[in-house]
Amino acid sequence: EMPINSLMDLNFLAMEPARVLQGTAILTILVLMVVLATFSGPLGPLASEGKSLIPAAEGNLTGLLIAVALVPKARATAPERCFRYTAAALVVGVTLIVMTYPLHMTFLPSTCAAHWRSWLMGAAFEEYACGPSWEYAGDFVTLLLTSIALLLAVLRFRTPSSYARNSVYCIATNWFCWVIWALEDYTDWCKKTVDADEQVNVINKYLAALGKFLNALLFVWIAVLVLRRTQKMDPSGWQLAVCGHTAWWLVGIIAAGALCTQLARFMHIYLGTGDEWTTVSGISAAITLPIWIYFACLHAQAFQANRRVLKEDSELPGAVVVQVKWALRVLRTELQAGLILSIITGAHWALTGVVGLFGVEKYSEAYWVLLHCLKRLAGIADAWGLLMLSGLLQRNGGHAVKPPVPTNRGVRNSPEDAVWTAKVEELAHRGVRVGDLLDFYQQLLEGQVMPSFDPRYSKTSDVAREAVIPMSRVDEDGFALASIWNQQRPCLAGRMVTHNWGNRFSHLVAAILADAAGQAYFADVVDALQTLEDFAEFRDSLQNSEQMDATYWVCVFSVNQHASICGGFGPCPDTAYAYNEWDAKRRNSVTGEIFPLCGCKRKKYFNNEAALTELNKFDDLMRFLAENVPDFVHVTVADDDLDVFKRAWCVAELVEGSALNIRQTLLIHSTSCLDKNYSKLKSLDIQACEASRAEDKDQILSKIDDIKGFNEYLGWLVFDAEGIFRGFLDGEARLSLVGRLSQRARCDKDSKV
């Protein structure tokens, strides 16, 4: 059995039987419309007695056809550019024709022109008390503003999104309603003139019925879109627990009330029934109103509850404050827009009930004051409210505000000599191609170079000791593995990777592959790297030669390990804690055995020979690449525990990147990684970073002018990894992210209770 949530998300249209049912319904409606048109023709049996009923029925069937054809779908698609421009031109053309139609009518060589001129001048005519020119002015302004909203929605709808598409449908339906109502007003006036004939009356009946049906449909669509957005913000339903799944039943009641109201109007106006149907319309609208108010209050309560949870974390010094402030801005703006939309729409339906219950005469001054202006105001509010909530007006995160890049001085502290500069340039030309990295990983899975390799547990340090170092040794000498892969030819790296050697090696490889593919998370790629069969299938899918030839600078491959660490593990520490940490680093994390040492004759260089060692030039290397590589990017790979931000030299590379004002991106395993590390993000502070030598940490921190500002910048990098600045976020996706942030904050507070 399909759950109600899936049904109301309308994912059932992805199934073939549902599409067949939709097509059958459209065909049936078309057949009925043809039959009714035939019966109401000059020779039809209803040619005389059915002139009021048939046009109205045709109008309702047309509205039903639109509802079935444009029913919201789960499939995310975006129109082509030519379609968007064609649709925009059509909207402009129709709007101009409708708005200027009365002006053209004043130039007709007939007595009708005099009536049109008197209408535009505001003269009272028959039962009109306020002067029809006010009606024309209201139609003009409403149609103009709703058409502008539709134009913006159509032209900015460039990214596939089911929610954005459904919002555009609603905005277009709202605009179409006002086109219809403007034409209805014109024909309503025209049928009172001396030149009017029965054909004008038929058109008027048809337009009136179509407009009323689409208005009821629009009311229901707005309720569906509002609830879908709130459920994305609160997928667990904790905010709507007061009614559980009955939130969808509220939408059902609202839909029934809206349709009942329009049906009662239909019975009264087109079937010539008594005033009791006007009363029924009023009662139905009066019943729908409190349900709508309750519905709106539930969603306002959900927004406010999330705001309260997040507001407590908005003043924290940690990196998470950037995310929290963004979420609060989104909640405040969308709550305001939602309340305005709900209040105006609710007031419109409330006064519809008042008109029905108390029998306010149409076109009277009371009718104009109570309903006429409010109806147009509701149309404008619907169009612009839907546009704001759709996300189409906000690009690249909308309310997200990137903090200023910290004005760090960098950590460069190198002598300006030829030996140092030559070594930096040599390092920069040890790029690693993605294709070579895939070959290496396949060898690991096959057990050719490292029998103990386990993609689930083996760390980068394990691979460096038991695969990289042995594979890069040549007789009694040794080189960087990147140099061997490149056959000792220079290969300038296009991107530089900062990572933690304590992270799993499969995660490092997956992050590089995800970055090459333009993804923010690498969990899916990790799953494809666990077995040789899955890896082979994944590699076959990588047919893009540009991705395979992308080059990365990765220290484990690009630094010559034989010129530094291959022959030992450093001096044994004196304290127990330091010894345990040192001992863990010299053992294989899978087998627990001590790594074998390399016996090559390559001379080792450390800080005592600063110009020749390759371990202290990462900042100069980044500067060189930024100056010589177009569109250079600094990529940081975060481990599951976000320990990369605790490593002093990893932080140093982030500091240097920000000082150079180069593009920096952060690759994260998944959103669950951020969820479980929310507490760390709250307290993320580069002053707590760790280094083997205290003087290294002091040197790095001394180059940062604004510690607080840099912490916020780190928070923005994490924020960016969640996709806020990577492209378009529709209304659902934006609130889904807000809900995820709120859930993290709430779970963090619950864990401390």
Supply the atom-to-atom distance [X] [atom1] to [Y] [atom2], rounded to the nearest 0.5 angstrom.
X      : Y      : atom1 : atom2 : answer
Ile180 : Thr173 : CD1   : OG1   : 9.5 Å
Thr95  : Leu150 : OG1   : CG    : 8.0 Å
Trp175 : Leu214 : CH2   : CG    : 12.0 Å
Ile662 : Phe632 : CD1   : CZ    : 5.0 Å
Ser390 : Leu152 : OG    : CG    : 10.0 Å
Arg332 : Lys311 : CZ    : NZ    : 8.0 Å

Minimum side-chain heavy-atom gap [X]-[Y] below 4.5 Å:
X      : Y      : value
Leu143 : Trp181 : no
Leu328 : Val330 : no
Val633 : Gln664 : no
Val525 : Gln519 : yes
Val738 : Leu331 : yes
Lys375 : Leu377 : no

Nearest atoms (heavy-atom pairs only) where [X] meets [Y]:
X      : Y      : result
Ile344 : Ala378 : CG2-CA, 3.4 Å
Ala164 : Leu392 : CB-CD2, 4.0 Å
Ala88  : Leu155 : CB-CD2, 3.8 Å
Val154 : Arg84  : O-CD, 3.0 Å
Leu96  : Thr100 : O-OG1, 2.6 Å
Ala149 : Leu387 : O-CD2, 3.8 Å

Determine whether Leu339 and Phe303 satisfy the following criterion, side chain to side chain contact (heavy atoms under 4.5 Å, CB included), listing intermediate values before the conclusion. CA-CA 11 Å; Leu339 285 176; Phe303 274 75; over 6 Å; no

Verdict with supporting geometry, Leu335 and Gln304, side chain to side chain contact (heavy atoms under 4.5 Å, CB included): CA-CA 8 Å; Leu335 179 60; Gln304 281 296 99; 3.1 Å; yes

Less than 6.0 Å separating the ring centroids of Phe522 and His669? yes

Mind running side chain to side chain contact (heavy atoms under 4.5 Å, CB included) on Gln336 and Met388 for me, showing each step along the way? CA-CA 11 Å; Gln336 293 171 351; Met388 291 180 60; over 6 Å; no

Does Asn174 use its side chain to pair, donor to acceptor, with the backbone of Gly379 at less than 3.5 Å? yes

Could you tell me whether the side chains of Trp178 and Ser147 share a donor-acceptor contact shorter than 3.5 Å? no

So Val94 and Phe176, side chain to side chain contact (heavy atoms under 4.5 Å, CB included) or not? Walk me through it. CA-CA 10 Å; Val94 172; Phe176 190 51; over 6 Å; no

Pair Asp139 + Arg376: basic N to acidic O under 4.0 Å: yes

